[in-house]
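For reference, the structure is listed below as structure tokens.
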Amino acid sequence: MKGNDKIKMWTFLFDKYTDNVKKLQETMQYLGINARTIVLEDEAFLPREVTALFEYFISSQNREEHKEYELFYAFLDIPEFWEVRMVGDKGGIYDMGCEKAVIYFTEPIEKRIVQRVEWHTEDGKGYRTDYYNKYGLKYASEFIDTDGNVESKVYYSDGNQEVIVSQPQNDVIILLENGMVKEFFSSYHQFLEFYLEKIKTEDGMILFIQEKMKNELLNLKVNGNSPWDAVLFSDNDLLKSYKNAGGERGYRFYAIPEQYPVNHRSGNAMILTASDQIEKLEELVQELPEVVFHIAAHTQMSEKLYILSQSENVKIYPGISKIELDRLWDECDFYLDINHYREIDDAVNEAVQKNLLIMGFENLLHQQDLLVKTCVFQKENYKKIVSTIRCLKSENAFMQELLTMQQQARKEVWENILQLSEKRGD
């Protein structure tokens, strides 16, 4: 990839581990970009190539490097003469037949690998929860007050030495070293800024927002400046809110799969909509009897679409289920971006992922950057769509050329993001 040679490694920060992390890693691999991925949420069973906020400080005080080890529940370290039993899909720790703690397992639970142990009094009130990681070590403990709230959470090194003490009710975090206070933070926000200062390099740093606006992340400063070379958003609504609030360098996240599915040119066209306002639909149905139009919605449909479904080449799916929708994505080879009003289920982006060729009318496009110009038409010239689809059904080389161009358009979106971010660092 072309760009500033100064940037060797991109750092991506996520609030928590989701499928988006996996998709980003696939995308970076496809683009040939070196990237490190960090999640801020407390996660103990992350893939090897993903690191976590608290793990950074814990590992720096560990006495040795550890290999991954699955801690089977029967091997928990418990007092002498106590026992461990299975109770349904959980484990239990017992002393003289009295339950002292409940053991919870990681997925798949059939393997019975310990994720956490919740300790309780004889009357069933929890007072401590111990957390275990992918190395089979107890890395943290939550201490519960009499009201059932987390009073503090302590993170340990492999020598059972306290490394971090978090007091969520007071929003206080204390960093220790060799049992002594090294840093005191009066807020989680302050702690995050300290962390970013530690990991910041001259390379690019990108924040990934997946849910509601994370102001504590967006407003972070390092040496008085925003650390983010760019901010990625998992959907258009989040990006729009960010830009409306005056946010800069915000971009939509588009994943690039390791391999696109095969498009079979079977003559099935898909439309996702929330209304019966679908531009030139009747004309397209009439002009293309060899194409089956699959019209899906999460709501009920109007009489207008029910009448249209009497045509042999129209199938409607009111209140479509996820299973049926997934089947349509696999079955269809064209996506028509011709519905009025809002986009449903990020459909255009999904269509690219599923390798459907997208066609649409210029005045209705929901994600214009993802469409090939050859596939964008004026609504007055709808017959051009007709002739293009007819040609594509018979010309495999032409279809593959347009699909390649569509895939390239997504790659160019990424290149623009990274190149603009690199210029910021010049």
Next on the checklist: Would you call the rings of Trp119 and Trp82 parallel, tilted or perpendicular, taking 30° and 60° as the class edges?
Outcome noted: tilted

Checking [X] now: which residues fulfil side chain to side chain donor-acceptor pair (under 3.5 Å) with it, not counting sequence neighbours?
| X | answer |
| --- | --- |
| Asn355 | Gln407 |
| Gln169 | Asp145 |
| Asp235 | none |

Tell me which donor-acceptor pairs under 3.5 Å the side chains of residues 395-405 have, and how far apart each pair is, sequence neighbours excluded?
from	atom 1	to	atom 2	distance (Å)
Asn396	OD1	Arg265	NE	3.1
Thr404	OG1	Gln400	O	2.8

Item to check | Separation between CD of Glu162 and CD of Gln61, rounded to the nearest 0.5 Å | outcome: 11.0 Å

For [X], check salt bridge (charged side-chain N to carboxylate O under 4.0 Å, His left out) against everything at least two apart and list the hits.
| X | answer |
| --- | --- |
| Glu151 | none |
| Lys322 | Asp326 |
| Glu142 | Lys153 |

Checklist entry - Please, which pairs that meet ring-ring contact (aromatic ring centres under 6.0 Å, His included) have at least one residue in residues 122-144, sequence neighbours excluded? => result none

With sequence neighbours excluded, what pairs up with [X] under the ring-ring contact (aromatic ring centres under 6.0 Å, His included) test?
| X | result |
| --- | --- |
| Phe194 | Phe185 |
| Tyr56 | Tyr195 |
| Phe14 | Phe208 |

Next on the checklist: So if I apply the salt bridge (charged side-chain N to carboxylate O under 4.0 Å, His left out) rule between Lys16 and each of Glu41, Glu211, Glu43, which one comes out positive?
Outcome noted: Glu211

Next on the checklist: I want to check a possible cation-pi pair here: Lys134 against Tyr69, using under 6.0 Å from ring centre and within 45° of the ring axis as the test.
Outcome noted: no

Could you list the donor-acceptor pairs under 3.5 angstrom formed between side-chain atoms of residues 101-112 and any protein atom two or more places apart in sequence or on another chain?
from	atom 1	to	atom 2	distance (Å)
Lys111	NZ	Glu70	OE1	3.3
Lys111	NZ	Glu70	OE2	2.8

